[in-house]
Amino acid sequence: MSSLNIICPNAKRVQIKTTPMMLMRQVLEEACLKSGFEVNSHRLQTQSRKPIDSSLPFRLTGLANNATLEMTQKEAVSENTIIELAIQTASGARHQKKVGVNQMLLDALKSFTSEFKEDLATTIDGSVPCIVYMNKRYTGAELAVNSLSSLGVASGKCLIRHMRVKLSDQELATMQAKLQEENERKKALDVNFVKLKAENAERDRLERLRQEAFDKDKESREKREQEQLRALIPEPASNIQDSTVMDTTESQQRDVLQEVPEQNPNSWSFDGPAFSRQVPQNTMRMEELNRLLERVDHSLATPAVESRMDAMVNALADGGRISLAEVRTRADVAMEQEQEEDPVEVFANPCDRQAVIYKKRARVQTTDEPMETEEFFEVGIEDVRNMQKDLRKAVRDQTQASFISKEYLAKKNRQLKLEAYKHTVIRISIGEHILQVYFNTAEQSSNLDLFLNNVLTRSGWKLMFTNLKVVTNELKNFVDIELAPKSTLIASFGGQTVNAADVVHNVIEVTPEKADAMSADWLSLNKTFMPFNSTVNDDRKQKRPQFQSSSSSSHSGPPAKSAMPKWLQTGKK
């Protein structure tokens, strides 16, 4: 026999014996009875947080034998929950009606007497009523002890089939014995359920008391810490005249262990076997002026970012202590300054669009084209060499890659694309025509929408790249939306077929050859984009000439052997 392991909310593990046709609702009921929890306020789920349908039998859930499930709490189902129940008889007639989920199956059948013009719960000619739900039958006396909720139905709609079957006296006796055995087992579980439920309630009460005590202790601890912090942090400048407040703005010098003066004990600080005492006023004045001079020189010699980083250290060095409010204020100011110093994106000025439209080339189909032979699709030695070369290059790029972040790599490639792709050509398919437009790559991508709004007479259009919608932005250029240096888009007008002559105006029409020549002329200023892919060997090659020029011309011996195998270095085994 199969079994399931249920982890209850109180961390107790319960094992439930199951059969292939046992409903998961019955598994949940037995687990709740053995652990002392309410059935209507809990549910079963896998350890990946996937809920289990309580109306399914065990063999349809896809769970393995000895699988582990978790019992979690959910919103309790009301006893008066109403669902749409549909009953289909053997003749094919079907009627539906609203009934309660806790209504017994026998009573539910009786409630459909007026719809079917007969009592579905009566026995006719020795044939007892029977219903089928999820390939499981409930016959005769089983209808009086099972409700819709015990079938796993909690909400929504439900369809059951009704029929009448003939049972022998032996089958009726076996059914009665099985029902009696099931009732006795549930009574035994109910006795233990009351005890376990009381234990769970007591455990919850103790847990609430502990949580309340912890919250109170936390509040009192926070108050004590705040009081201690107020005692350590100096008062505002308006209360500096108070003689009992420690003056932390004055410089201190270390001295050997002496008696603490009784006049103002707060002016002394204890740290190990030595005390601090105040230095004479004239010496303190000179040191303050020297520190001010050093700070001015340092701020002039270093950038503003370093000055902000040293501002907190200088404040601590001057005063000895700093309040938390001042720390938060300084941090906010530094963050605002860093945000203000962020570089602002500079976009290029719009260019002359030189928009043209041309008709798509007709595809010429030739019937006398030779078919490819099977030898064409075979992988030869040259193909294997090319694949091996590509694999070696991929391994070299992965194993010898420099230690740089992905963010830096993306920014570097973006900058290289902007330097290589100065011009961009956008072609838009509209019906049987192609609209060709020029752009500077560094322009705002939103200029594409502005141009189309001027040349298209119809609204409600959108641009598609294959099956993806093209979204322009005022803060992104054509490299950012991956349309540079040339792209062909599709203009969609709500799924309707349109003619370019009806929706495009103020654009001249040319031949496809003329449009290709214009596009090639506009893209002639672009350069080839080489992706930035820094490797360790590249860095060594860049540093090697400097090393050789600085070293002596004498032979210093053979080069050091690498720890990598020879086939990984040279690409040869």
Side-chain angles (χ1 to χ4, degrees), residues 303-305 338-356 389-390 392-428 434-452 463-466 468-490 514-546:
V305 176
E338 290 179 359
Q339 292 177 357
E340 293 176 357
E341 294 175 0
D342 290 341
V344 180
E345 182 71 20
V346 178
F347 295 98
N349 296 325
C351 63
D352 185 9
R353 302 302 180 206
Q354 300 184 25
V356 295
K389 182 179 179 181
D390 295 338
R392 286 172 177 168
K393 184 179 182 302
V395 171
R396 183 168 60 253
D397 293 342
Q398 290 291 333
T399 56
Q400 299 179 2
S402 299
F403 191 70
I404 57 177
S405 63
K406 291 183 179 180
E407 182 180 0
Y408 173 80
L409 188 63
K411 290 182 178 179
K412 187 69 176 179
N413 286 326
R414 178 181 182 273
Q415 185 63 30
L416 292 176
K417 286 182 179 180
L418 289 175
E419 294 175 357
Y421 302 148
K422 298 297 183 181
H423 293 167
T424 298
V425 174
I426 302 296
R427 290 181 173 180
I428 304 170
I434 299 292
L435 175 64
Q436 179 176 288
V437 194
Y438 294 168
F439 291 95
N440 287 326
T441 304
E443 283 189 53
Q444 295 175 331
S445 58
S446 59
N447 291 344
L448 176 59
D449 290 347
L450 296 177
F451 169 78
L452 292 179
L463 297 179
M464 304 294 295
F465 184 77
T466 63
L468 301 177
K469 182 180 179 181
V470 177
V471 180
T472 60
N473 196 327
E474 295 180 355
L475 303 178
K476 293 182 179 180
N477 53 38
F478 288 92
V479 169
D480 297 333
I481 63 176
E482 300 180 355
L483 293 183
K486 54 183 179 179
S487 299
T488 301
L489 309 179
I490 301 174
K514 178 65 174 178
D516 293 340
M518 295 174 63
S519 174
D521 182 62
W522 180 253
L523 297 176
S524 61
L525 297 179
N526 290 351
K527 302 177 182 178
T528 304
F529 165 65
M530 297 296 295
F532 179 75
N533 188 14
S534 178
T535 59
V536 177
N537 287 344
D538 294 341
D539 297 340
R540 291 176 180 174
K541 291 178 182 177
Q542 295 173 3
K543 296 179 182 179
R544 189 173 297 169
Q546 300 176 3

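These numbers come from a predicted model, not from an experiment. Just the heavy atoms: all of them, side chains too, but no hydrogens, waters or symmetry mates, feed the values below.
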On a heavy-atom basis, the closest approach of Leu523 and His423 is CD2-O, 3.6 Å
Could you go through Asn473 and Ile481, starting from their C-alpha distance and side-chain angles, then the distance that decides it, and tell me whether this counts as side chain to side chain contact (heavy atoms under 4.5 Å, CB included)? CA-CA 9 Å; Asn473 196 327; Ile481 63 176; 5.5 Å; no
Consider side-chain contact (heavy atoms from CB on, under 4.5 Å). Of Leu483, Ile428, Val471, which one does Leu463 pass it with? Ile428
Salt-bridge test for Lys417 and Asp480: reply yes if a basic N is under 4.0 Å from a carboxylate O, no otherwise. no
Return the minimal non-hydrogen interatomic distance between Trp522 and Val425, and the atom names on each side. CD1-CG2, 3.5 Å
Just jot down the ring-ring contact (aromatic ring centres under 6.0 Å, His included) partners of Phe451, sequence neighbours excluded, or say none. none
Counting heavy atoms not belonging to Glu482, are there more than 12 under 6.0 Å from its CD? no
Are the side chain of Ser519 and the backbone of Asp516 linked by a donor-acceptor contact shorter than 3.5 Å? no
Could you go step by step and tell me if Asp352 and Tyr438 meet the side chain to side chain contact (heavy atoms under 4.5 Å, CB included) rule? CA-CA 7 Å; Asp352 185 9; Tyr438 294 168; over 6 Å; no
Stepwise side chain to side chain contact (heavy atoms under 4.5 Å, CB included) check, Phe347 with Glu474: CA-CA 10 Å; Phe347 295 98; Glu474 295 180 355; over 6 Å; no
Can you tell me which residue pairs pass the side chain to side chain donor-acceptor pair (under 3.5 Å) test with a partner in residues 439-452, sequence neighbours excluded? Arg353-Glu443, Thr424-Thr441, Glu443-Asn447, Asp449-Thr472
For Tyr421, ring-ring contact (aromatic ring centres under 6.0 Å, His included) partners two or more places apart: none
